[in-house]
Structures are given as structure tokens and as C-alpha cells.
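Within every chain, numbering begins at 1; the chains are lettered A, B, ... in the order of the sequence lines, protein sequences first and strands thereafter.
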Amino acid sequence: MDLTKLTALELGKKIKDKEVSVIEATQALLEKIKQTDEDYHCYITVMEQEALARASEVQKQIDAGELSDSPLAGVPVAIKDNICTKGVKTTCASKILYNFNPPYNATVIEKLEKAGAVIIGKVNMDEFAMGSTTETSYFGVTKNPWNTAHVPGGSSGGAAAAVAAEEAFYSLGSDTGGSIRQPSSFCGVTGIKPTYGTVSRYGLVAYASSLDQIGPIARNVSDCAVVLDLISGHDTKDSTSVPRDNYQYTEALIDDVRGMKIGIPKGYLGAGLDKEVKSSILAAAKVLEEKGAVVEEFDLDAVDYAIPAYYVIASAEASSNLSRYDGIKYGYRTEDFDGLADVYKKSRSEGFGNEVKRRMMIGAFVLSSGYYDAYYNKSLKVKALIKEGFDKAFEKYDILLGPTAPSTAPKLGESLSDPLKMYLGDIYTVSVNLAGLPAISLPCGIDSKGLPIGLQLIGKHFGEKDIIRAAFSFEQSRDYKGPVNNA
Amino acid sequence: MTITDDTINYVAALAKLELSSEEKEKAKKDLSSILAYMETMNELNTDAIEPMSHVFPIRNVFREDEVTNHPNRDTLLSNAPDSKDGCFKVPKTVE
């Protein structure tokens, strides 16, 4: 039996039933990574020694009768390289952090380890999570396992591609403007961006703090829900963490959408949307309708202005957050310098890539005196209108449905030459971050090029269970295709 | 919005970046088109709207002023490009 083909929950059960040992599972995955990661380059760091040592430790705990309430005990996980892992390089795919060893773990890492997870490695991403293709990584591009001439999406491209290539059972990504959902869509896997404040950001290297959320990427909805059970929760170390009474998302894995009201924003089906993607999304809506949901199209206010507002706000926060990289406390420092100001300037100019520099400059500009009101403040007002538009929509609908991205995965090398064009690809994802909403992307079809299409379901604040229920129900109606190698 | 050389030099200085002349030309072109696109927001009347920084009402969180973390100086300094006598080492800044 090829263990790497199992879902996270299937493997967790086999480990629990003593059919498979944690070490066998870890070894099988390491072997798979050795075989195929040369082709896909999902990983920046493979933690072979640490993972094997950790696997035997977890096996001992399981043999001692511990971890019996953890469904994923012993299941290996891949972590996006902007989530801090104590003593293990966390680079954000940037030269400026090429040698950074965090002195502490992110809260999500502590939570996963408590549940018996084995971290197998750190996965590739766009530099500082800025990009939509994983081509801006200092450590080289990741390729789409469905077709290596295409990008895996981004910024969590390594996290999504690793799950698709069966080089990971599940992974953690981060989503600031679509960075979990869009690569999940391009790689034919499932990913959840939780409500802002649901998962602690402590230990997530900041890009745009008011928008960043960590979330799971996995092979199906059930795996995603169980991971969300494990990583969510209030954390005093994250001042924007929101306490909730219930974090049991797996309770929503019910195949029943009767009476559920689903709205499709008309703007999500308009100009710019690929024809094949559109028909696949409408077919998915039909499936849910046939299962008893009430589906209708409606006008979502102000959403056309989500991209400009998002790029102003995200760039502004990035320019502030990334000012900490100075060549003094950690990370890259230039070789030749003349005085302190020179250390800052040269270390940053040599350490950051083009897209990061571009966003820091946009951010510095929109926050600068004379332009602050026209750009930054204006964006915060547009954000208020976007949230109001969603609030109105959720008075009528339980969830919203649409595409995750306007097209399937583009070819490698097609996107970076025109940054504005690349930004426009985020049209269906960024408004969700601006409004702080939860959303899921799951596979709903394959286009004529053989590339996967992603369906996006958006929930109201803390409405994760609504989207998980609808996604699970939709998933039950399809033959399980699994990740790429099973297709 | 046309971006002049002065503007590029100004934002580069704010971001503590040194750009080659080639990078400056590219930045001028990119920023002009990106900012022009951002200005489409002006089509939306927002006169009566309050700017919103957080989607949820956020209140200040108070706690007792007690030390809960115990940073290990050596571990922290092990990430520094240069250190001396338990301190970060930087070029001389005060004559």
C-alpha cells in the first residue's frame, strides 16, 4: 500500500489502529519527497532527521495511550515558510531571512505538536507572501504538479503543490488576499481562510497584519475541518484573536444543504472570467440547488473597488512591517558598508526581491504626507463600504458562491512582467480579507487544458460551519478524484 | 498620477532602499500604472463614510505587568550577523 495516497484522517486512523507506525508514515513521505520534489520544488527545507526523531517520540506517546483524542496524531504536516518553527530555518522565501532560526514556535505549531503532529518540512512561497505564483521566491519557483509548465499559484504555492503531489498529507498556509484559496484552486486541493481572529497570528511573519490569517490546505473538506479544529482558538499572544465558545468545525461535516440560501454575486460572473471556469462554477451551484439549497444571483455593493483598496492597505502595512529588516538583529547583512545608514540601505536593497521592494515603495507613498488621505484613508473608507455590502448580503444569504480565481493556473513566466495584471487576478479573493470573512476553495472541475478549477464559498463572520457544510455536501456529490496522481 | 524622479527618490529613501537607475525607471512605470488604477476608487463617493481599520470592534486588552517570557540572550544573538560582549554589533554611530 502506498501510504502517501491516504488522506490525513485515513492515515490518522491507521496509526491509531496500529496498522501503520508513525515512523513508517514519515519514512514513506520522506521517500516520496526524495522521488518527486526535484520536479516540483515544493520544499525549502526538508526536516528529515528532526521528523524521524519526532516520529518515534510521537509513537511512544501513542503506545503509552496518550493522544487518543487527537485524530491526526502521528500524521506528518508541511508548514509554509513564514510560520515560525523553533530552531528550524524560517525564511519567508527571502534572501533577507535566508539563515533565520526562530527562537520560538508559532502558536499553531505548539497546537499541532500538542496534537501529535510530525513536521516534515517548510514549504515554498512567494517572498514574504507577496505574489500569486510562487515565482518570487528567492529559493526558486515551485511547479504545478498537474502540469509542470504551469505555476502552482501563490503565495502558499509550495503548501498547495505539496498536498497535490502527495508530498504532504496536509499543510498550513497563510492568506492575506487569497494566498491559501488561489493556490488550492490551481492545484486541485482544498483550503480554508478562516474568519480574521479565529487562528492565532503569533509567530506568523507579518505581511499585512489586519488581513493575514493562517489556515489549512488538505486533500478534502474533512481533513481541512479537522485541522481547523486543532489550530483555532483564542490566544492572548495575538491581540486581534477573538474568543469564541465553539471551535468544533468537524460538527459541520453533514451532507445536507436543504433550505440553505446561497447568493452568487453577479460581479463574480462578469467580464474577465474564463468561460470554462464560469460553466464549472454554475454547474456546482446547480448541484447544490438540486440538493435542496436555494440559489440566486444578486448585486454585491462596492466589490469592484476591492483590489485597489486591498493593494493600498496591504502595501501600507507591509512597508511598516518590513521596516524591521535592518541587517542588525537577524538575517542578511551586506558585506561592504560605510556607516549605519548604509547597513540598512544596502542590506535591504540586496536582501529584498523586486515585488517586495515595489510594495514597500507603494506603501511608503500612500502613507506619505500629502497622499495619506487620497490613498490610505480612502481605502479604509472603501473597506467600510465593502464590509457593509457583505453585511447586507448576509441578511439574505447563508453563504455566497463564486469562482476562486478568474482562470486556471497560468504558465510559468507569464505573470511577473506586468504586476498590475497579476494583481487583477485576485479579484474574487481580496474582498474576503478586507471584510475579515471565512472562505473555502475546493475543486469543482477540470478545464480542457487538464487543469483544476476551484469553487469558492464565502461565509459570514465566524460562519465557517456554513461553508464547511456546503463544501462537504458538494464534495459528496462528486467522484473522489484525489490529488493529481490519482486523477 | 505621473511619478517623477523626485518622487521615486523620496519613496526609496522612506523605504530605506537604494535603487539602480534601471530599477528607478521600472519603478516609475509600475507605480504610475498601479497608482492610476488605485485612483479608480475616486469613482466611489465616500464623503459620509468613516474609515474602518478593524472589521470587529477592538478594545484595549489589559493584563498585569508580569514577565511571562524568558528570552535567552545567547539564542537571540545567535541570529545576529555580528555581535560582541552579549550585544548586537553595529557600525559606530556617535562620534
Side-chain angles (χ1 to χ4, degrees), chain A residues 99-101 103 196-197 210 236 239-240 242 302 305 307-309 311-312 319 323 326-333 337-346 348-349 352 354 357-358 360-366 368 375 377-385 387 419-420 423 434-436 461, chain B residues 1 3 7-8 10-20 23 26-27 30-31 33-56 58-61 63 68-69 71-72 74-83 88-94:
Chain A
N99 60 354
F100 176 59
N101 279 311
Y196 187 77
S210 77
T236 52
S239 57
T240 56
V242 181
Y305 302 96
I307 294 180
Y311 276 96
V312 169
S319 78
S323 63
D326 56 5
I328 305 294
K329 302 181 291 295
Y330 39 71
Y332 174 79
R333 178 187 284 190
F337 49 84
D338 179 21
L340 189 62
D342 216 33
V343 172
Y344 296 156
K345 253 202 275 180
K346 281 196 172 152
R348 290 168 62 80
S349 302
F352 288 127
N354 289 333
K357 287 180 188 171
R358 187 180 294 127
M360 288 193 302
M361 288 194 285
I362 294 170
F365 180 83
V366 299
S368 67
Y375 291 92
N377 227 21
K378 178 80 185 182
S379 299
L380 294 183
K381 291 177 174 187
V382 172
K383 174 178 165 167
L385 285 176
K387 179 181 178 282
L420 184 56
Y423 298 173
L434 287 172
H461 287 132
Chain B
M1 162 111 216
I3 301 289
T7 314
I8 286 295
Y10 179 56
V11 293
L14 286 173
K16 290 265 186 292
L17 291 172
E18 210 169 55
L19 303 181
S20 67
E23 282 181 310
K26 176 100 171 71
D30 289 344
L31 258 61
S33 67
I34 292 166
L35 291 171
Y37 178 63
M38 285 169 171
E39 283 158 19
T40 58
M41 286 191 292
N42 293 332
E43 295 162 14
L44 207 55
N45 186 331
T46 53
D47 291 347
I49 310 294
E50 282 294 309
M52 186 179 69
S53 39
H54 278 283
V55 280
F56 303 121
I58 284 194
R59 261 163 269 112
N60 203 2
V61 181
R63 62 168 172 82
T68 53
N69 59 333
N72 179 335
D74 293 341
T75 310
L76 293 178
L77 279 174
S78 70
N79 271 307
D82 205 356
S83 65
F88 295 109
K89 195 175 167 194
V90 296
K92 193 170 181 181
T93 49
V94 183

Quick one: which of [options] has the most heavy-atom pairs under 4.5 Å with chain B, could you say?
{"options": "A:Gly339, A:Ala341, A:Ser319", "value": "A:Gly339"}
{"options": "A:Leu380, A:Asp326, A:Asp342", "value": "A:Leu380"}
{"options": "A:Ser210, A:Ala309, A:Ser239", "value": "A:Ala309"}
{"options": "A:Ile307, A:Thr236, A:Asn354", "value": "A:Ile307"}
{"options": "A:Lys383, A:Met360, A:Lys378", "value": "A:Lys378"}
{"options": "A:Tyr375, A:Tyr196, A:Tyr344, A:Phe100", "value": "A:Tyr375"}

Please classify the contact of [X] with chain A as side chain, backbone, both or neither, using a heavy-atom distance under 4.5 Å.
{"X": "B:Thr46", "result": "both"}
{"X": "B:Leu17", "result": "both"}
{"X": "B:Leu35", "result": "both"}
{"X": "B:Thr7", "result": "side chain"}
{"X": "B:Glu18", "result": "both"}
{"X": "B:Thr40", "result": "both"}
{"X": "B:Asn42", "result": "both"}
{"X": "B:Lys26", "result": "side chain"}
{"X": "B:Phe88", "result": "side chain"}

Looking at chain A, which one of [options] has the largest number of heavy-atom pairs inside 4.5 Å, strictly under?
{"options": "B:Ala80, B:Pro81, B:Ser83", "value": "B:Pro81"}
{"options": "B:Val90, B:Thr68, B:Leu44, B:Asn69", "value": "B:Leu44"}
{"options": "B:Ile8, B:Thr93, B:Asp30", "value": "B:Asp30"}

Would the distance check show the side chain of A:Ser368 and the main-chain N or O of A:Phe365 forming a donor-acceptor pair, the cut-off being under 3.5 Å? yes
Has the side chain of A:Lys381 got a donor or acceptor atom that lies under 3.5 Å from a matching backbone atom of B:Asp47? no
Look up atom [atom1] in [X] and atom [atom2] in [Y], then write down how far apart they are to the nearest 0.5 Å.
{"X": "B:Leu19", "Y": "A:Lys357", "atom1": "CG", "atom2": "NZ", "answer": "6.5 Å"}
{"X": "A:Lys345", "Y": "A:Asp338", "atom1": "NZ", "atom2": "CG", "answer": "10.5 Å"}
{"X": "A:Arg358", "Y": "B:Leu31", "atom1": "CZ", "atom2": "CG", "answer": "8.5 Å"}

Given a strict heavy-atom distance threshold of 4.5 Å, which part of [X] is in contact with chain B: side chain, backbone, both, or neither?
{"X": "A:Asn99", "answer": "backbone"}
{"X": "A:Ser379", "answer": "both"}
{"X": "A:Val312", "answer": "both"}
{"X": "A:Lys387", "answer": "side chain"}

Which word best sums up how the rings of A:Tyr311 and A:Tyr423 line up, parallel for under 30°, tilted for 30 to 60°, or perpendicular for over 60°? parallel
Can you see which heavy atom on B:Met38 is nearest to which on A:Pro308, and at what distance?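 Shortest heavy-atom separation between B:Met38 and A:Pro308 comes out as CA-CB, 3.7 Å.
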Of all heavy-atom pairs between B:Lys16 and A:Arg348, which one has the smallest distance, and what is that distance? O-NE, 3.3 Å
Any side-chain heavy atom of A:Ile328 sitting closer than 4.5 Å to one from A:Leu340? yes
Residues, nucleotides or ligands: over 12 heavy atoms within 6.0 Å of B:Glu50 CD: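 No, because the 6.0 Å sphere around CD of B:Glu50 holds 12 heavy atoms or fewer from other groups.
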